[in-house]
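Working notes, beginning with the structure itself.
These values consider heavy atoms only, across backbone and side chains, with no hydrogens, waters or symmetry-generated copies. A quick note: this is a predicted structure, and the numbers were derived from the prediction, not measured.
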Amino acid sequence: MKQIVQSLLLIVLLLAGLQISAQSPVATKPYRLIAHRGRVVDSTTDQNSLEALNKAIAQGYWMVEVDLRMTKDSVLITHHDKNFRYSFGLDSAVSSMTWAAISKLRNANGYRVQRFEEVLAHCEGKLGVMIDNKLEGNDTAVWIRLTTLLKKYDLYKSALMIGTDESTPYFTGKVRLSCTRQQLETNINRPDYKASNYYLFSDKISKEDYVWAYGHNILVVGVINAWAFQPGESVTKAAAQAAALKAAGVQCFQIDAEYQPLFQK
């Protein structure tokens with residue numbers, strides 16, 4: 001009797017294993033979301049604000065994407081645009097103002113610009129970070145400051161970066177960099193290539209792209225951003241884009257907050 005039970009148990013386990021192996025490699029995992037522009041916003045919550053970060057944390061986001069810029073006096077901040085026209089109605093470039101002046105800016109919601117370190121400290125142990133590097137040039141001293149801050153708040157190993165051509169040589173092998181498939185196929189031939197150096201990042205990822213990346217142990221991140229759509233077509237086109245990326249097998253997405261319902265079960 002004991003042998004019969006053991007045999008039946010073995011058959012059940014084998015069948016279960018066959019069923020699992022037939023599924024997509026990550027089919028049973030929940031979607032992992034990255035909030036574009038640190039942005040879980042509404043009429044009273046601004047992008048890249050601490051309030052938006054708190055909402056991302058409360059709503060279970062995996063990461064936030066933050067925009068990296070630098071003030072006239074070399075303070076690293078998080079701000080999307082080159083100037084402050086959209087946020088504060090002030091037509092002055094970020095690089096033309098000191099941190100002392102920028103820190104005094106407030107809009108109708110009470111929003112203020114955050115230092116990059118403030119954002120990292122707020123994310124520590126709660127959210128990962130995707131850095132959209134908007135700094136020109138290849139200033140090694142600045143990059144050392146950046147990586148030192150990431151390490152200070154235990155975000156270095158998990159960080160992702162949307163880099164620049166100029167900064168890529170420094171960050172390769174330090175922070176995981178965004179790539180197209182074409183770039184990945186080139187990088188894979190580098191003598192210093194490691195899958196952990198890069199991730200596939202695109203709004204158009206086919207099933208074949210996903211399978212190729214998965215086979216090479218490369219992280220895949222799909223993109224759904226409102227700026228890519230014409231007025232009036234955002235809802236339908238975002239839904240179609242999300243469906244296509246999901247069908248391809250993508251599980252990680254960088255999205256604007258209004259598209260979050262597309263990933264709720």
Side-chain donor/acceptor of [X] to backbone N/O of [Y], under 3.5 Å:
X      : Y      : answer
Gln241 : Val223 : yes
Arg176 : Tyr199 : no
Gln114 : Arg112 : yes
Asn133 : Leu135 : yes
Ser87  : Phe84  : no
Glu65  : Arg37  : yes
Ser103 : Trp99  : yes
Thr186 : Gln182 : yes

When rounded to the nearest 0.5 angstrom, what is the spacing between [atom1] in [X] and [atom2] in [Y]?
X      : Y      : atom1 : atom2 : answer
Arg181 : Leu200 : CZ    : CG    : 8.5 Å
Leu33  : Met63  : CG    : CE    : 12.0 Å
Met130 : Phe201 : CE    : CZ    : 4.5 Å
Asp256 : Asn225 : CG    : CG    : 5.0 Å
Asp132 : Thr164 : CG    : OG1   : 10.0 Å

Work out which heavy atom in [X] is nearest to a heavy atom in [Y]; give both atom names and the distance.
X      : Y      : result
Asn83  : Asp91  : ND2-OD1, 3.8 Å
Ile224 : Phe263 : CD1-CZ, 3.8 Å
Leu53  : Cys123 : CD2-SG, 4.2 Å
Ile205 : Gly222 : CD1-CA, 4.0 Å
Met97  : Thr71  : O-CB, 3.4 Å

With distance as the sole criterion, is a donor-acceptor pair present between the side chains of [X] and [Y] under 3.5 Å?
X      : Y      : answer
Asn187 : Asn197 : no
Ser206 : Asp209 : yes
Gln47  : Tyr111 : no

Mind running side-chain contact (heavy atoms from CB on, under 4.5 Å) on Val66 and Asn48 for me, showing each step along the way? CA-CA 7 Å; Val66 293; Asn48 284 314; 4.3 Å; yes
Is it true that Asp67 and Arg69 make a salt bridge, defined as a side-chain N closer than 4.0 Å to a carboxylate O? no
Should Lys55 and Glu51 count as an ion pair when the cut-off is N to O under 4.0 Å? no
Give me the ring orientation class for Tyr259 and Phe229: parallel if the planes are under 30° apart, tilted from 30 to 60°, perpendicular past 60°. perpendicular
So which of Leu146, Val129, Ile162 actually passes side-chain contact (heavy atoms from CB on, under 4.5 Å) with Leu68?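 The side-chain contact (heavy atoms from CB on, under 4.5 Å) with Leu68 is passed solely by Leu146 among Leu146, Val129, Ile162.
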Ile34 vs Leu160, test: side-chain contact (heavy atoms from CB on, under 4.5 Å). Steps then yes/no. CA-CA 11 Å; Ile34 305 169; Leu160 306 178; 4.3 Å; yes
